[in-house]
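Here is the structure we will look at, set down as structure tokens.
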2 protein chains.
Amino acid sequence: MAKNTEKRHEALRTTLVEIAERHVRQEGLSALRARKLAAEAGCAVGAIYNVFNDLTGLVLAVNGRTFHRLGAHVSGAVSALGDVEPTAKLVRMGEAYLGFAVDNPLLWRALFDVEMSSDTDVPDWYMTELGQLFAIIAAPLKELNPVADAQQIDLMTRALFSSVHGIVLLGLERRISGVPQDRIEHMIGFMVRGAVSNGDAHAKV
Amino acid sequence: MAKNTEKRHEALRTTLVEIAERHVRQEGLSALRARKLAAEAGCAVGAIYNVFNDLTGLVLAVNGRTFHRLGAHVSGAVSALGDVEPTAKLVRMGEAYLGFAVDNPLLWRALFDVEMSSDTDVPDWYMTELGQLFAIIAAPLKELNPVADAQQIDLMTRALFSSVHGIVLLGLERRISGVPQDRIEHMIGFMVRGAVSNGDAHAKV
DNA sequence: TTAATGAAATGAACGGCGTTCAATGAGAAA
DNA sequence: TTTCTCATTGAACGCCGTTCATTTCATTAA
């Protein structure tokens, strides 16, 4: 019966994702080993390939969880603010993004370090998850720029997200930065406020 | 005699860097192979390890060149502008940075994708090269904020560089973006102008 | 109950990797 | 020429992700 098989597969998938997540969190993406995973999961090496195409598939599953938690963390931080001006929300989002990266450095890095063979390409849910994160950012931007059209908001959203991402990325990179964390927060506030004031004045992005 | 040996080593170093650079440019950092390099350089595999600690050392040498060209490209773009307002210079720098990344995507990515064992750590010239790039950015910022102290300028510099870097990084990442190149330029202009106007108003970063 | 059958799980084996180091060879010294 | 020194070499080492012939298991038919 195919039902039982699928159930076992699903269980193994979950187990593997949990183990892999722990490994990535503790040792980083590059320390992930098929044999180690199999040993810990109590299955054969080949079993991994019964439920995932390859290790990249497994990593994508881990990243899916991380992405989800990241989104929850950021939107949670905004909700906790209550009713404040949109700019404050955006700044808080950036800080929350930084906070997540600081608290989960290796899981966060794994989000961007997966190497995907161009044929397998990006899973749909990856884009969906990203879209939800973008939507959280877009909302305050719309409040600030009621006349901007969807495309303009989208560009501002991407620009803001990318900027904050860049600041966090290079800020946490020991080899480039050495900047203490509170300075990184200042940078985020600086760029976000700048972008907002700019977007207000010149609606044309 | 140790002199001849050192000469041969130097020659091999150069040869290897040139070959490695071509490989990274064409196939990407992850396609670099010790055996392939040795075959093309006409030397033994072990010879690589006579002149570099490991492949990472070779990649760092490649990155040194790339970094240098990147700096020249950016500062060249600014020089070509002649005497214009500092903001225009900063925007042009960002665009030049984007241009370099678009023209040398794999070499540019390699700058940030090297994995370094924390013990080997970053070579000094790496930081020097980065400092020079930062200095190019800091100059117009000083013009715009004559009263800001060195630390404030430094933070603005890092924030701006990181933001532009983030925009370029995610903009060129097919899996996240799909944004056409001229839109990326708009984003850069948007963020740079925002940061500048902000820095002007609130000198306190 | 047993035999037959097809699917699922297994792990040794494969090809490839970066790196090492005993063996080789070339050049200087005697 | 012979000895000695040290740079060079490439086969070998210990890993890696992935595969696939073989085994194991579950289900059905007799």
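In what follows, chains are A, B, ... by sequence order, proteins preceding strands, each numbered from 1.
For the pair B:Y49 OH and D:dC13 P, the interatomic distance rounds to 17 Å; values are reported in whole Å. Rounded to whole angstrom, the span from the CG atom of A:N50 across to the C1' atom of C:dG11 amounts to 12 Å. Between A:N4 atom CG and D:dT27 atom P the separation is 7 Å, expressed in whole Å. Note: CZ (A:R8) to C1' (C:dT10) measures 13 Å, nearest angstrom. Between B:I48 atom CD1 and D:dA7 atom C1' the separation is 16 Å, expressed in whole Å. Distance CG (A:L16) to C1' (D:dG17): 15 Å, rounded to an integer number of Å. D:dT8 atom P lies 11 Å from atom CZ of B:R13, rounded to whole Å. Between B:E6 atom CD and D:dC6 atom C1' the separation is 15 Å, expressed in whole Å.
In this structure, NZ on B:K142 lies 11.0 Å from CG on B:D149, to the nearest 0.5 angstrom. The CD1 atom of B:I136 sits 12.0 Å away from atom OH of B:Y97, with the distance rounded to the nearest 0.5 Å.
Side-chain contact between B:S197 and A:S197 is present, with heavy atoms from C-beta onward closer than 4.5 Å.
Ring geometry for A:F67 against A:Y126 counts as perpendicular: the plane angle is over 60°, on a 0 to 90° scale with 30° as the lower cut. Ring geometry, B:F112 versus B:H165: the interplanar angle falls from 30° to 60°, so the pair is classed tilted.
A:R25 has a carboxylate O that lies under 4.0 Å from a charged side-chain N of A:E21, or vice versa, which qualifies the two as a salt bridge.
The phosphate of C:dA9 (OP1 or OP2) has a side-chain N or O of A:H9 nearer than 4.0 angstrom.
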Enumerate the protein-to-nucleotides 15-17 of chain C contacts in which both atoms are nitrogen or oxygen and the separation is below 3.5 Å.
| unit_1 | atom_1 | unit_2 | atom_2 | d |
| --- | --- | --- | --- | --- |
| C:dC17 | OP1 | B:R33 | NE | 3.0 |

